[in-house]
Number of protein chains: 2
Amino acid sequence: MRLADLSKRSGVSTATIKYYLREGLLPPGRQINATTAEYDDGHLRRLRLVRALIQVGKVPVATAREVLGHVDDESLGRTIRLGAALWALPQDPEPDEADPAVAAARVEVDRLLELLGWETSRELAPLSPVHRSLVVAVAGLRRLDYPWDAELMAPYGELMMEAARRDLDFLETHAQDSEKVEMAVASAVLFQPVLRALHRLAQEEESARRYGIE
Amino acid sequence: MRLADLSKRSGVSTATIKYYLREGLLPPGRQINATTAEYDDGHLRRLRLVRALIQVGKVPVATAREVLGHVDDESLGRTIRLGAALWALPQDPEPDEADPAVAAARVEVDRLLELLGWETSRELAPLSPVHRSLVVAVAGLRRLDYPWDAELMAPYGELMMEAARRDLDFLETHAQDSEKVEMAVASAVLFQPVLRALHRLAQEEESARRYGIE
DNA sequence: CGTATTGGTGAGCGACACTATCCAAATGCC
DNA sequence: GGCATTTGGATAGTGTCGCTCACCAATACG
């Protein structure tokens, strides 16, 4: 398969594919000679994943490169690779430690994790980018004077834990080992919009049930 | 309160505030004379909401203007205003109707809504931007050969319905009438990152429990 | 043999959220 | 009253980012 074929089969323009190659999001094809390179189905799958990350997940190109680097790192075990890849995904700004809202948010988040009994998350808290994202998000809410507290959020945490269990069950039953890392990354990115849309739909539905459509 | 005071109290630069005024995201202050305009706490609150929409929610300026227009539309009843504002929020591209993945996704989404018994959502399906977002998201998954079907997703739908019920309960108990529309918009935007972070944290936690940290 | 196509590269584009600079009118301090 | 300072308002510029275009010599194809 040559570049033009890859383009046709994926629906991505050759110019964009070249750009991805340049940016290291797509491994180079097998160079046959100065004007021909051969691509395979692996490239096609990788290209789809890249598009998913960038277009659906709005992941910046630089972050995508990092994530994919972890996915490909053969020197690591599967679990670590998966962790590293997911770990690299979030792209939230560093919290401003001088902001009192951030400090308060940190305390409240820790209380929430304690309530939920998420011990691992508490231990990893200082390191985890996801934890940082949560603190930033909560600080944002507090700055707008939202009554956000651990007791109020705990049920949402339980709901998300239930979702997470389903996610992992799904991963175990539906992916062969070699694809698990890739699939986990794709899920993390592609599932998000689905969940969000479901949430909003549920809000519309419940709102209509309570107050009518008018 | 003059422009400079508004800037100090909100932490937003005067240049940016001027930009928002120009873009119609912030109503003009009460003009006292050619060089002085007076702003009040309403402006401060609105400014915070604008920042939340744009910075946290990544809502494009044009969309934010539209959403805020609905929030302010005194000619509508509360429920309609809320609906209109939330409907204007999503900013997903139009689905490509020629794409077979989109058609298949539409069928599967409808089956899901039937399974869940979300009748209102099914009726409103052709109109709702949220429904459209869901179809686009599902089509994206299918294009990557994800085994996505209604039965698999139904439990997630139930979880989101549970979350939606909590959302509305919260809104009813914590906001006075005049602020409900504004608060609903803020929640829709600010809650999203919190939920997402909780979801990822839950995945980390559950993954650690199953496979260890290594 | 000649046209078309290949992969590679540097520069350019369009969208977007600001931001820097000016400006004339008005204020505030002495 | 005088004069530097500050005000709101307008215009043009900046930085970032994900592409996209134009062009190149080398090669493939009919």
Side-chain angles (χ1 to χ4, degrees), chain A residues 1-40 43-44 46-68 91-94 189, chain B residues 1-40 43-44 47-68 91-94 140 189:
Chain A
M1 202 193 322
R2 312 207 286 188
L3 197 152
D5 304 313
L6 189 61
S7 166
K8 257 177 216 128
R9 286 231 258 156
S10 62
V12 179
S13 78
T14 59
T16 301
I17 294 178
K18 288 182 188 179
Y19 168 66
Y20 290 158
L21 287 166
R22 222 181 310 161
E23 292 295 323
L25 299 184
L26 207 57
R30 198 168 48 83
Q31 225 13 323
I32 293 184
N33 59 42
T35 69
T36 316
E38 179 73 13
Y39 301 92
D40 57 27
H43 287 92
L44 188 55
R46 167 56 53 95
L47 182 52
R48 289 218 192 97
L49 180 59
V50 167
R51 289 248 103 183
L53 282 170
I54 289 177
Q55 287 208 317
V56 182
K58 313 276 186 210
V59 177
V61 166
T63 307
R65 179 170 41 234
E66 194 182 341
V67 171
L68 293 172
Q91 205 58 15
D92 290 306
E94 294 276 333
V189 165
Chain B
M1 203 193 319
R2 312 206 285 187
L3 199 152
D5 303 314
L6 189 61
S7 166
K8 256 177 219 128
R9 287 232 257 154
S10 62
V12 179
S13 78
T14 60
T16 301
I17 295 178
K18 288 183 187 180
Y19 168 66
Y20 289 159
L21 286 166
R22 224 177 310 147
E23 292 294 324
L25 299 184
L26 207 55
R30 200 168 46 83
Q31 214 31 309
I32 292 183
N33 59 42
T35 69
T36 316
E38 178 72 14
Y39 301 92
D40 57 26
H43 287 92
L44 188 56
L47 183 52
R48 289 218 194 98
L49 180 58
V50 167
R51 288 249 104 180
L53 282 170
I54 289 178
Q55 286 207 318
V56 182
K58 313 277 185 208
V59 177
V61 166
T63 306
R65 179 169 44 233
E66 196 182 341
V67 170
L68 294 171
Q91 207 57 13
D92 290 307
E94 295 274 334
V189 165

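Letters go in sequence order (proteins before strands), and every chain restarts at 1.
- For the pair B:Ser7 (side chain) and B:Val12 (backbone), a donor-acceptor distance under 3.5 Å is present.
- For the pair A:Leu26 CG and C:dG8 P, the interatomic distance rounds to 11 Å; values are reported in whole Å.
- Atom-to-atom, CG of A:Leu21 to C1' of D:dT20 comes out at 15 Å; the value is rounded to the nearest Å.
- Residues A:Arg65 and A:Glu23 meet the side-chain proximity criterion, which asks for heavy atoms closer than 4.5 Å.
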Between the protein and nucleotides 9-15 of chain C, list the N/O to N/O atom pairs that are separated by less than 3.5 angstrom.
residue: C:dG10; atom: O6; partner: A:Arg22; partner atom: NH2; Å: 3.4

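- Side-chain N/O atoms of A:Gln31 include one lying less than 4.0 angstrom from OP1 or OP2 on C:dG8.
- Nearest nucleotide to the side chain of A:Leu3, out of D:dG9, C:dT19, C:dG7: C:dG7.
- Looking at the side chain of B:Gln55, the nearest of the listed nucleotides D:dC21, D:dT7, C:dC18 is C:dC18.
- A sub-4.0 Å separation between OP1 or OP2 of D:dC19 and a side-chain N or O of A:Arg51 is present.
- Annotation: side chain of B:Leu3 is in contact with side chain of B:Tyr39 (closest heavy-atom distance under 4.5 Å).
- For the pair A:Lys58 NZ and D:dC17 C1', the computed distance is 13 Å after rounding to whole Å.
- Using a 4.0 Å heavy-atom cutoff across all strands shown, B:Ala37 reaches sugar-phosphate atoms only and no base atom.
- Residue A:Glu23 contributes atom CD, which lies 11 Å from atom P of D:dC19 at whole-angstrom precision.
- No side-chain heavy atom of A:Leu25 sits less than 4.5 Å from a side-chain heavy atom of A:Leu53.
- Side chains of A:Tyr19 and A:Leu26 form no contact here, defined as non-hydrogen atoms less than 4.5 Å apart.
- Put simply, CD1 on A:Ile54 is 12 Å from P on D:dT20, counting in whole angstrom units.
- The existence of a salt bridge linking B:Glu38 and B:Arg2 is excluded, since no basic side-chain nitrogen approaches an acidic carboxylate oxygen closer than 4.0 Å.
- Expressed to the nearest 0.5 Å, how far CG of A:Leu21 lies from CG of A:Leu6 amounts to 8.0 Å.
- Rounded to an integer number of Å, the gap from CD1 of A:Ile17 to P of D:dG18 is 17 Å.
- Where A:Val59 and B:Asp5 each meet DNA chain D at their nearest nucleotide, the meeting point lying more 5' is that of B:Asp5.
- Looking at the side chain of B:Tyr20, the nearest of the listed nucleotides C:dC18, D:dC19, C:dT19 is C:dC18.
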Could you pull out the protein-nucleic contacts involving nucleotides 26-30 of chain D (nitrogen or oxygen on both sides, under 3.5 Å)?
residue: D:dT27; atom: O4'; partner: A:Thr35; partner atom: OG1; Å: 3.4
residue: D:dT27; atom: O3'; partner: A:Asn33; partner atom: ND2; Å: 3.4
residue: D:dT27; atom: O3'; partner: A:Thr35; partner atom: OG1; Å: 3.4
residue: D:dA28; atom: OP1; partner: A:Asn33; partner atom: ND2; Å: 2.2

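- The side-chain heavy atoms of A:Leu68 and A:Arg46, taken from C-beta on, include a pair separated by under 4.5 Å.
- Annotation: salt bridge (charged side-chain N to carboxylate O under 4.0 Å, His left out) contacts involving residues 48-61 of chain B, sequence neighbours excluded, comprise A:Asp145-B:Arg48.
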